Amino acid sequence: MTIEAVSRAGLPHRRMNPLTGEWVLVSPQRTLRPWQGRRESPVAGERPAYDPSCNLCPRNRRASGAVNPDYRESYVFTNDFPALLPHTESSAGDRHPLFRSESVPGACRVICYSPRHDLTLAEMEVPDIRRVVSLWSEQTEELGRVYRWVQIFENKGIIMGCSNPHPHGQIWAGGFLPNEPYKEDLRQREYRSRRGAPLLQDAAGFESAQRVRIVAENGHWLAWVPFWAVWPFETLLAPREHRPRMTDLSDAEKDGLASILKILLVRYDNLFETEFPYTMGWHGAPTDGGDHPHWQVHAHFYPPLLRSATVRKFMVGYEMLAEAQRDITPEQAAERLAGLPDVHWRHKPAKKHDGKP
Ligand code: H2U
Ligand code: ZN
């Protein structure tokens, strides 16, 4: 039996993530199990376009006492509570293999995507999303001149620990390669030296040909549920051409990125008619001066929701102690996402009444 047939028959199997070398257990036969556990609250209530008590709205005072300018597009500022600091004392180095540590310099910034308190990226207009794309690229360039790894990310939704509904993301840059990109660097390097092409460009090529896990696509970009996805509706977003870093994208590719982000995020919101929570972030070649042709820039979207706006997946038990596990197959997840409308549920035309109560 092929693995596709095993999967279609709803039988348990494992798949490997070639970017990290980690396996995931897929158990499609479990999708019907009952759920009597915790339920998240569905969509947050409607928000005002401006909230006088929000730390991130234009003209408002932040927690540090600093006042935001009257910004009209997107706005970046240095995090008032940064996890990394530009200047640290250098440490004495390794003393014993059991107690290794190192001091690290870095910088943390916050990006307010829009002055509007009530919008998310999914509901912003494409030209405004395009400005966020430019900002991501400019920040990568600027911080990449100083730091080895620039991590752009967004925690969206209370369920992901996001502290404020105002649409925003973060950037943490540091003089070290963190765990996840470290694994991806190793694996992509290995793949390219064996097979001669960048791992993720090959992956996108296969997805484009097989057409069973694609969620959205345009001339420049492909968004798909990876074969090895762990989170129920996890996606990968990558350019079709070989581009190691965000800063290697052409203007046309950046335009294409803004429009595919709009489609992907609207579909996410439409899945459970909610403001779909996730952690998302960008990975690209380390900014250490090297070329790194094995790298392909890409975004990971890790949404926690499983079967409704209120039921989330927990990574506990077997996942914490053995390995990640999922129920719905990546192919089923992709099919559901790809079939959703491109118009945001908040803007869909009101249903016509047929006269009956
Ligand atoms: P979340 O993306 O997890 O919501 O975090 C928002 C960041 O914004 C958080 O790192 C920063 C917090 O330190 N922040 C400020 O720098 N100033 C503020 O006034 C509010 C939040
Ligand atoms: Zn606000």
Side-chain angles (χ1 to χ4, degrees), residues 40-41 43-88 104-125 128-129 131-133 135-136 138-140 142-143 147 149-174 176 178-180 231 234 246 261 265 268-269 274-283 299-305 312 315 346:
E40 307 298 328
S41 46
V43 188
E46 297 301 309
R47 293 189 298 278
Y50 168 76
D51 177 352
S53 68
C54 167
N55 292 131
L56 304 183
C57 272
R59 306 180 300 281
N60 289 2
R61 196 171 289 279
R62 295 206 303 272
S64 61
V67 176
N68 295 324
D70 190 10
Y71 64 96
R72 300 296 164 101
E73 292 170 353
S74 29
Y75 166 59
V76 185
F77 64 90
T78 298
N79 198 310
D80 298 314
F81 309 96
L84 289 158
L85 299 166
H87 304 289
T88 50
V104 285
C108 298
R109 294 179 180 174
V110 178
I111 307 184
C112 298
Y113 295 151
S114 159
R116 287 268 303 267
H117 185 80
D118 56 337
L119 295 182
T120 63
L121 267 187
E123 288 182 80
M124 284 166 60
E125 304 288 341
D128 296 326
I129 302 175
R131 285 195 194 95
V132 175
V133 169
L135 228 143
W136 285 338
E138 288 156 21
Q139 291 288 313
T140 304
E142 185 186 317
L143 289 163
Y147 299 110
W149 186 254
V150 181
Q151 184 60 61
I152 293 169
F153 67 99
E154 174 185 1
N155 294 321
K156 182 173 166 225
I158 295 170
I159 167 177
M160 291 313 282
C162 178
S163 59
N164 184 320
H166 194 110
H168 68 281
Q170 299 196 48
I171 311 170
W172 293 17
F176 59 101
N179 292 337
E180 294 305 311
W231 293 93
E234 173 177 338
M246 175 87 69
L261 275 169
L265 296 179
Y268 266 161
D269 274 15
T274 190
E275 287 183 1
F276 200 64
Y278 54 70
T279 273
M280 71 81 74
W282 285 95
H283 285 161
H300 294 278
F301 287 82
Y302 299 129
L305 291 182
R312 66 160 295 167
M315 285 282 197
R346 278 212 174 97

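Along the sequence shown, residues are numbered consecutively beginning with 1. Model, not experiment: these values are computed from the prediction. In each ligand, atom 1 is the first atom listed, and ligand 1 is the first ligand listed.
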Please report which non-hydrogen protein atom sits nearest to atom 11 (C) of ligand 1, along with the residue it belongs to and the distance in Å to one decimal place.
N79 OD1, 3.4 Å
F77 N/O under 3.5 Å from ligand 1 N/O
no
Check whether any side-chain heavy atom of Y268 lies under 4.5 Å from a side-chain heavy atom of L121, and answer yes or no.
no
Heavy-atom distance under 4.5 Å between the side chains of M280 and K156, does that happen here?
no
Could you list which atoms of ligand 1 come closer than 4.0 Å to a heavy atom of N155?
3 (O)
Residue, atom and distance of the protein heavy atom nearest atom 19 (O) of ligand 1 read A63 N, 2.7 Å
Got a donor-acceptor contact below 3.5 angstrom from the N68 side chain to the N55 backbone?
yes
Does any N, O or S atom in C112 come within less than 2.8 Å of the Zn ion (ligand 2)?
no
Check ligand 1 against V110 and write out every atom of the ligand that is under 4.0 Å from a heavy-atom position of the residue.
8 (O), 11 (C)
Does some non-hydrogen atom of the protein lie less than 4.0 angstrom from atom 21 (C) of ligand 1?
no
Counting only nitrogen or oxygen atoms and a 3.5 angstrom limit, does S64 reach ligand 1?
no
Using a 4.0 Å heavy-atom threshold (strictly under), name the region of E154 that reaches ligand 1: side chain, backbone, both or neither.
neither
With a cut-off of 6.0 Å (strictly less than), are more than 12 heavy atoms of other residues, nucleotides or ligands near CG of D70?
yes
Using a strict cut-off of 4.0 Å, indicate which atoms of ligand 1 neighbour a heavy atom of H168.
1 (P), 2 (O), 4 (O), 5 (O), 6 (C)
Should one rank D80, L56, I158 by closest heavy-atom distance to atom 17 (N) of ligand 1, which comes out on top?
D80
Check whether any side-chain heavy atom of L305 lies under 4.5 Å from a side-chain heavy atom of P277, and answer yes or no.
yes
Rounded to the nearest 10°, what angle sits at the Zn ion (ligand 2) between ND1 of H117 and SG of C54?
100°
Could you tell me, atom by atom, which parts of ligand 1 come under 4.0 Å of a heavy atom of Q170?
1 (P), 2 (O), 3 (O), 5 (O), 6 (C), 7 (C), 10 (O)
Nearest non-hydrogen partners of E123 and E275, listed with the distance:
OE2-OE2, 4.2 Å
Ligand-residue contact atoms, ligand 1 with G161, heavy atoms, under 4.0 Å:
3 (O)
Given ND1 of H166 on one side and SG of C57 on the other, what angle do they make at the Zn ion (ligand 2), to 10°?
110°
Using modelled atom types and a 3.5 Å cut-off, is there a donor and acceptor pairing between side-chain atoms of D269 and backbone atoms of F276?
yes
Polar side-chain atom of N60 near backbone of D51 as donor-acceptor pair, under 3.5 Å:
yes
More than 12 foreign heavy atoms under 6.0 Å from CH2 of W282: is that the case here?
yes
Say whether T78, considering both its backbone and side-chain N or O atoms, lies within less than 3.5 Å of an N or O atom on ligand 1.
no
Just heavy atoms, cut-off under 4.0 Å: does N55 contact ligand 1 by side chain, backbone, both, or neither?
side chain
Is the backbone N or O of N164 less than 3.5 Å from a side-chain atom of H166, with the two atoms forming a donor-acceptor pair by type?
no
I'd like to know if the side chain of R47 and the backbone of H117 have a donor-acceptor N/O pair within less than 3.5 Å.
yes
If the cut-off is 4.0 Å to any non-hydrogen atom of R62, which atoms of ligand 1 fall inside it?
17 (N), 19 (O)
